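Both backbone and side-chain heavy atoms feed into the values below; hydrogens, waters and symmetry mates do not. Given the structure is predicted, the values throughout are model-derived calculations rather than measurements.
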Amino acid sequence: MNRNIILIITVCVLVAGCAKESRTRYSGNPIFEGWYADPHAVIYGDKYWVYATYSAEYSDQVFMDCFSSDNLVDWVKHERIIDTDAVAWADSCLWAPAPIEKDGNYYLFFAANDVHEGEVGGIGIGVADRPEGPYADLLGRPLIQQIVNGAQPIDQFVWEEDGQYLMYYGGWGHCNVVRLSEDFSELLPFEDGTVYKEITPENYVEGSFMIKRGGKYYFMWSEGGWGGPGYCVAYAIADSPLGPFERIGKILEPDEAVSGSAGHHSLVNIPGTDDWYIFYHRRPLDETARDARATCSDRLEFDADGYIVPVKMTLEGVAERRL
């Protein structure tokens, strides 16, 4: 073949490759505008959804927004999917949304009122017929209000397996797990008769989350103070959803070159793959305000032995990807 023809073909291939690379779009971090924290990401149908706490003074946290995307890059904001007008017993501190779909309905577990012993508040449940709501108060009361095993009833996460539902929750350095009834209206006892099981791992503060991979349960939580620079995420691996959960190490922590106070996360797995994305909030380096928290996303990977590779926070975020 003529050398000139070979050269032309080579150049065309390189140009095509560069053009393809240049067309790759990234979400950027944060992935959408505004101060939002505690992001819980899920996949409903052919869209990604992120439910988040509106990060502001407690008295201003009277509603929640969510965001949807079909490609991880372009996000649509759905405003006030639930607010204190819809929850008669709540007056502030709507935070830590935990969404789940069941039997064609969409449920949004949330915490309200920053409840202390003897106060009204705790973990509630919203229900809607669409992911973007609006959500109505399912019970008309908190599902959990009391302080049990020292755990403030906040930061709930609902786990479903084989038609059974567990809920992990807790702040103030304590974590409980409970069983939920089929209609989410009450707590059921475990086989030993107990209703609340404390499963607090070492250094646990709040923000529990769990996945199952390779037959193992990966339980994760946030450590440090959420309003300070040292907020981070650690994890454990167990053979049972009830533990025991022995701390392995950190998987997300501040990076002085990127951002501080990184925590309260969730994970999304692309169906049919071993590709994972972590959603979390972090505080920009040029911000010191307590509530200056922004929602970000990056890739999360596992090593050959099944351990989580510590996440490298980025400014570019994640590449465009459709389901």
Side-chain angles (χ1 to χ4, degrees), residues 40-51 96-111 123-131 135 138-139 143-144 148-149 151 153 155-170 175-201 204 207-221 235-248 265-279 300 302 306-308 323:
H40 192 129
V42 292
I43 293 174
Y44 289 146
D46 60 355
K47 288 187 177 182
Y48 306 92
W49 292 81
V50 172
Y51 298 78
I100 190 168
E101 185 274 335
K102 181 179 184 294
D103 299 331
N105 288 318
Y106 298 88
Y107 296 88
L108 189 66
F109 288 70
F110 60 89
I123 296 172
I125 310 170
V127 62
D129 57 9
R130 301 181 302 170
Y135 286 81
L138 177 67
L139 304 178
L143 174 65
I144 299 178
V148 179
N149 298 326
D155 289 10
Q156 60 294 318
F157 167 72
V158 180
W159 172 258
E160 185 275 329
E161 188 169 17
D162 299 328
Q164 301 296 310
Y165 292 83
L166 298 176
M167 184 173 72
Y168 302 80
Y169 77 91
C175 183
N176 291 331
V177 60
V178 295
R179 290 182 63 207
L180 300 177
S181 63
E182 185 176 349
D183 61 0
F184 298 154
S185 67
E186 60 181 335
L187 307 183
L188 303 177
F190 291 96
E191 291 184 359
D192 62 4
T194 60
V195 176
Y196 297 86
K197 286 185 179 294
E198 183 170 8
I199 56 166
T200 307
Y204 175 93
S208 55
F209 190 84
M210 192 168 72
I211 64 167
K212 187 177 183 180
R213 179 182 182 272
K216 300 289 186 179
Y217 297 86
Y218 292 70
F219 185 69
M220 292 159 269
W221 62 90
Y235 81 114
I237 301 176
D239 294 322
S240 163
L242 301 181
F245 296 108
E246 299 294 332
R247 185 182 187 277
I248 293 175
H265 76 299
S266 59
L267 301 184
V268 160
N269 172 227
I270 303 300
T273 77
D274 195 30
D275 294 341
W276 296 82
Y277 296 87
I278 183 171
F279 293 77
L300 180 138
F302 298 82
Y307 294 105
I308 298 176
L323 292 166

Fill in: Reported CZ-to-CH2 distance for the pair R247 and W221, which is rounded to 0.5 angstrom
6.5 Å
Discussion item. With heavy-atom distances below 4.5 Å as the criterion, would you say the side chains of Y235 and I211 are in contact?
Written reply: no
Worksheet item: Is the backbone of D275 close enough, under 3.5 Å, to the side chain of N269 for a donor and an acceptor to pair up by distance?
Response: yes
Worksheet item: How close do I43 and P271 get, heavy atom to heavy atom, and via which atoms?
Response: CD1-CD, 3.8 Å
Fill in: Flag, side chain of N149 to backbone of A151, donor-acceptor distance under 3.5 Å
no
Worksheet item: Going by heavy atoms in the side chains, are D155 and S208 under 4.5 Å from each other?
Response: no
Fill in: Nearest-0.5 Å distance that lies between atom OG in S181 and atom CG in L143
8.0 Å
Worksheet item: Is atom NZ of K47 surrounded by more than 12 heavy atoms (other residues, nucleotides or ligands) closer than 6.0 Å?
Response: no
Discussion item. Side chains of Y277 and I270, heavy atoms from C-beta outward: is any pair under 4.5 Å?
Written reply: yes
Worksheet entry | Minimum heavy-atom distance between G45 and L323, given as atom pair plus value | O-CD1, 4.0 Å
Fill in: Distance, nearest 0.5 Å, that separates CD1 of I237 from NZ of K212
14.0 Å
Worksheet item: Taking all atoms of both residues into account, what is the closest heavy-atom pair of E246 and A236, and its distance?
Response: O-CB, 3.2 Å
Item to complete: Determine the minimum heavy-atom distance between N176 and Y196, stating which atoms define it.
Response: ND2-CD2, 4.2 Å
Item to complete: May I have the step-by-step check of side-chain contact (heavy atoms from CB on, under 4.5 Å) for L187 and L180, ending in yes or no?
Response: CA-CA 5 Å; L187 307 183; L180 300 177; 3.7 Å; yes
Worksheet item: Any chance CZ of F302 has more than 12 other-residue heavy atoms, nucleotides or ligands included, within less than 6.0 Å?
Response: yes
Worksheet entry | D162 atom CG: more than 12 heavy-atom contacts under 6.0 Å | no
Worksheet entry | Output field: ring centroids F245/Y204 closer than 6.0 Å | no
Discussion item. I'd like to know whether F279 forms a ring-ring contact (aromatic ring centres under 6.0 Å, His included) with Y48, so could you lay out the CA-CA distance, the side-chain angles of the two residues, the decisive distance to 0.1 Å, and finally the verdict.
Written reply: CA-CA 11 Å; F279 293 77; Y48 306 92; 7.5 Å; no
Fill in: Partner residues of D274 under the side chain to side chain contact (heavy atoms under 4.5 Å, CB included) criterion, sequence neighbours left out
R213, W276
Item to complete: May I ask you to check whether F109 and F184 place their ring centers less than 6.0 Å from one another?
Response: yes
Discussion item. When you compare the side chain of L166 with that of M210, does any pair of heavy atoms fall below 4.5 Å?
Written reply: no
Worksheet item: Can you name the residues that form a side chain to side chain contact (heavy atoms under 4.5 Å, CB included) with E101, not counting sequence neighbours?
Response: Y44, Y106
Fill in: CA sep, side-chain torsions, deciding dist, call: V148, Y169, side-chain contact (heavy atoms from CB on, under 4.5 Å)
CA-CA 11 Å; V148 179; Y169 77 91; 4.2 Å; yes
Item to complete: Find the distance between OG (S185) and CD1 (I125) and round it off to the nearest 0.5 Å.
Response: 8.0 Å
Worksheet item: Do D239 and K216 touch side chain to side chain, with heavy atoms closer than 4.5 Å?
Response: yes
Item to complete: Side-chain contact test, heavy atoms from C-beta onward, threshold under 4.5 Å: evaluate it for P99 versus W49 and give yes or no.
Response: no
Worksheet item: Do you know the tightest heavy-atom contact between G243 and A238?
Response: CA-CB, 3.9 Å
Discussion item. The test is side-chain contact (heavy atoms from CB on, under 4.5 Å); show your working for F219 and Y168 and say whether it passes.
Written reply: CA-CA 10 Å; F219 185 69; Y168 302 80; 3.7 Å; yes
Worksheet item: Mind checking whether Y107 and Y165 have ring centres under 6.0 Å apart?
Response: no
Discussion item. Would you compute the distance between atom CD1 of I308 and atom CG of L267 and round it to the nearest 0.5 angstrom?
Written reply: 6.5 Å
Discussion item. Go through it in stages, so that I can follow the logic: the residues are I144 and Q156, the test is side-chain contact (heavy atoms from CB on, under 4.5 Å), and I'd like the CA-CA distance, side-chain angles, deciding distance and then a yes or no.
Written reply: CA-CA 10 Å; I144 299 178; Q156 60 294 318; over 6 Å; no
Worksheet entry | Donor-acceptor pair, side chain of K102 and main chain of D183, under 3.5 angstrom | no
Practice prompt. For residues G306 and Y218, report the shortest heavy-atom separation together with the two atoms involved.
Written response: O-OH, 2.6 Å
Worksheet item: For the atom pair CG (L108) and CD1 (I100), what is the distance rounded to the nearest 0.5 Å?
Response: 11.5 Å
